[in-house]
Amino acid sequence: MCGIFAVVNDPDHHAAQTTLDGLKKLEYRGYDSWGIAVVEHKNGTLAIEKHIGKIGGATTALPAGDIAIGHTRWATHGGVTDGNAHPHVDCSGRIVVIHNGIVENYQELKQMLLRRHHRFTSETDTEVIAHLIEDRVKSESVETAVLGVFKNLAGSNAIVVLDAKTNTIVACRNGSPLAAGVGKGQFFLASDVTPFLKFTRDVVFLADGEAVILTATKLRLLDIKTGKDKRLTPRRLDWKLEDAEKGGYPHFLLKEIMDQVTTVPKTALINRNEIAHVARRLERADRIVFTACGTASYCALAATYFFSGVGRETKSYGAYEYTPFSGFAGKKTVLFAISQSGETADTLIAARNAKARGAYVVAVVNARGSALERLADTTLPVGSGPEIAVVSTKAFTSQLATMYLVSRACTGNYARAVREVQDLGKTLRRWQTKKLRHDVLDLAKTLMNQEDIYIVGKHVSYPAALEVALKIKESSYIHAEPFAAGELKHGVLTLIQKGTPCIAIGANDETRLELLSSAAELRARGGTIIGITPFTSAEFDVTVKTPDAGPLTIIPNVIVGQLLGYYLGIGRGTDPDKPRNLAKSVTVK
Ligand code: M6R
């Protein structure tokens with residue numbers, strides 16, 4: 001939620017333009033409004049520009065300068081107005097702040113500042129930070145002032161403070177992501193690495209409780225509590241700039257869907273040793289738990305089916321519902337926390353709770369350097385590269401492949417599972433062609449004006465149904481409701497009328513006949529049945545045939561749902577990369 005960018009020593013002396021370009025890469029984190037502050041080259045004063053709306057096509061007329069900060073907002077406190085857009089400035093015009101998170105004690109801080117006659121120009125929680133620092137810089141260095149103020153903020157926050165007087169940026173992290181890029185004579189800060197990949201791949205991921213100070217000559221890493229310097233060791237990322245570009249596709253979402261022909265098989269080539277290590281841990285475990293949110297939670301659910309296939313009973317919980325059950329975690333618990341970003345607040349809380357009770361935590365993540373990775377005992381990076389579209393696609397299928405490999409490693413079948421995932425990669429490459437896209441587009445045209453779509457699946461195809469429904473909802477805003485096929489008779493059938501679109505998702509497994517019975521029941525009530533399966537059937541009015549990949553058929557089945565969501569969204573005029581009301585990374589509870 002909210003994207004942060006900063007540059008020091010801009011390569012072209014146009015820090016505002018660099019910041020605008022950087023923010024465009026972060027728009028997926030929030031797109032209610034955006035703003036930039038730059039220290040004017042000519043006279044050293046602050047120039048600020050703020051606007052509501054998406055940053056995509058924006059230009060800036062801000063003056064030349066070498067140092068700037070910028071923000072793209074996902075509103076929490078205060079409506080979507082120019083005034084509430086970040087950056088926020090103090091009364092003197094010296095201190096300017098951008099922020100990702102929620103200052104939970106902002107009301108009491110604001111009352112105290114009002115009594116001291118500070119003038120507020122927004123309704124945000126963020127603005128208190130600028131005024132608090134303003135008071136302290138009268139008698140302290142900006143570094144000491146920012147660290148002092150940050151320690152008194154309640155909640156999960158990342159802040160970036162620009163001091164126009166000393167041309168210094170101070171940034172602090174507690175709970176919201178921040179990465180610093182170390183370029184050739186330039187420094188960058190951002191909520192994730194994609195906006196500065198074009199300048200550098202040398203990155204310092206800040207941990208909670210760390211701060212960085214950026215000046216024209218130096219980047220320092222500090223411990224917020226002690227104020228002492230820490231060793232700064234940038235790590236070189238293997239992500240390429242092209243990974244964060246659209247690569248000729250009209251939207252990131254379509255590009256990332258198509259990327260899966262390479263990202264899925266790539267998953268099988270990484271984590272060999274880590275998976276072997278986790279498998280040994282699982283041998284000793286008496287409780288195996290998966291936890292996650294949203295799309296990742298459907299991977300968690302799918303993992304329970306993968307593990308039941310190798311004779312292990314496991315549990316999956318939405319991370320936001322884990323607290324009542326965290327008390328069951330102990331030293332022999334292995335908890336898998338699955339997350340694309342590794343920064344989802346609820347998932348982090350669940351993992352921390354389990355760890356506090358002695359559980360062994362495995363992070364299954366895509367983005368690197370995240371808070372989840374730091375707290376985990378072992379990390380299994382899924383390696384699908386930057387996922388820019390808010391709607392998660394390629395990270396999900398790589399998470400599925402990873403969890404499949406882990407489950408098979410438990411019974412000594414890891415090598416075979418690796419071959420299965422790699423074979424699936426080859427199959428996807430043959431199948432994910434223009435023809436598939438045209439077929440799904442044609443299907444989308446028939447569903448474009450529907451208000452409700454029902455989706456059923458059984459066993460591992462049930463999490464597929466949940467995920468396909470979420471893709472349709474997020475991308476097109478059509479109400480799509482998933483059910484376990486077996487649930488239909490217990491009430492849901494009342495909703496089916498003549499022409500109601502029903503999607504039946506299935507694999508060539510023991511559920512095939514039961515799925516077809518469910519399809520028949522839906523059809524008998526007038527439903528129009530769309531099969532997403534590796535087989536055809538007279539029960540289906542339309543079939544999108546998927547490759548048969550055994551338990552991994554869930555991957556091509558979900559890919560059809562991803563494409564369907566995408567084309568429905570295009571047809572209904574939504575922005576598939578940035579669905580309304582959503583942010584890519586949900587770093588607040
Ligand atoms: O970064 P995470 O995987 O932890 O994010 C979890 C969910 O917020 C995320 O999957 C969300 O549901 C996406 N919008 C799904 O497309």
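Remember, it's 1-based here, ligands and their atoms both numbered in the order they're listed.
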| said: Run Arg580 and Glu474 through salt bridge (Lys or Arg N to Asp or Glu O under 4.0 Å) and show every step you take. | reply: CA-CA 8 Å; Arg580 67 184 177 205; Glu474 287 183 305; over 6 Å; no
| request: Just do the salt bridge (Lys or Arg N to Asp or Glu O under 4.0 Å) check on Asp208 and Arg374 with the steps written out, would you? | output: CA-CA 10 Å; Asp208 285 346; Arg374 273 172 218 282; over 6 Å; no
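Phe188 and Phe199 have their aromatic ring centers within a separation under 6.0 angstrom. Taking the six-membered ring for Trp and the full ring otherwise, the centers of Tyr462 and Tyr305 sit at least 6.0 Å from each other.
Put simply, the residue from Asp32, Asp575, Asp577 that forms a salt bridge (Lys or Arg N to Asp or Glu O under 4.0 Å) with Lys54 is Asp575.
Ligand-side atoms of ligand 1 in range of Val390: 13 (C), 14 (N), 16 (O), range being under 4.0 angstrom from any heavy atom. Atoms of ligand 1 found under 4.0 Å from any heavy atom of Lys471 (numbered from 1 in listed order, with element): 15 (C), 16 (O). Close contacts of ligand 1 with Ser341, meaning ligand atoms under 4.0 Å from a residue heavy atom, involve 1 (O), 2 (P), 4 (O). For ligand 1, the atoms sitting less than 4.0 Å from at least one non-hydrogen atom of Ser392 are 15 (C), 16 (O), numbered in the order shown with element in parentheses. Close contacts of ligand 1 with Val391, meaning ligand atoms under 4.0 Å from a residue heavy atom, involve 16 (O).
Relative ring orientation between His86 and His71 is described as parallel, the plane-to-plane angle staying below 30° on a 0-90° scale split at 30° and 60°.
The shortest N/O to N/O separation between Glu474 and ligand 1 falls below 3.5 Å. Among the atoms of Thr347, none of the N or O lies under 3.5 angstrom from an N or O of ligand 1.
Thr295 N, 4.1 Å is the protein heavy atom nearest to atom 9 (C) of ligand 1. Given atom 6 (C) of ligand 1, the protein heavy atom at minimum distance is Cys293 O, 3.3 Å. For atom 4 (O) of ligand 1, the closest non-hydrogen atom of the protein is Thr344 OG1, 2.4 Å. Scanning the protein heavy atoms around atom 3 (O) of ligand 1, the nearest turns out to be Gln340 N, 2.6 Å. What sits closest to atom 8 (O) of ligand 1 on the protein, heavy atoms only, is Val586 CG2, 4.1 Å.
Using a distance-only test at 3.5 Å, with no hydrogens or angles considered, no donor-acceptor pair links the side chain of Ser461 to the main chain of Ala464.
No cation-pi contact links Arg408 to Tyr414, judged by a cut-off of 6.0 Å to the six-membered ring centre and 45° from its axis.
At a 4.0 Å heavy-atom cut-off, ligand 1 does not touch Glu343 at all.
A ring pair (Phe, Tyr, Trp, His ring centres under 6.0 Å) check over residues 385-406, counting only residues at least two apart or in different chains, returns the pairs Phe306-Tyr404.
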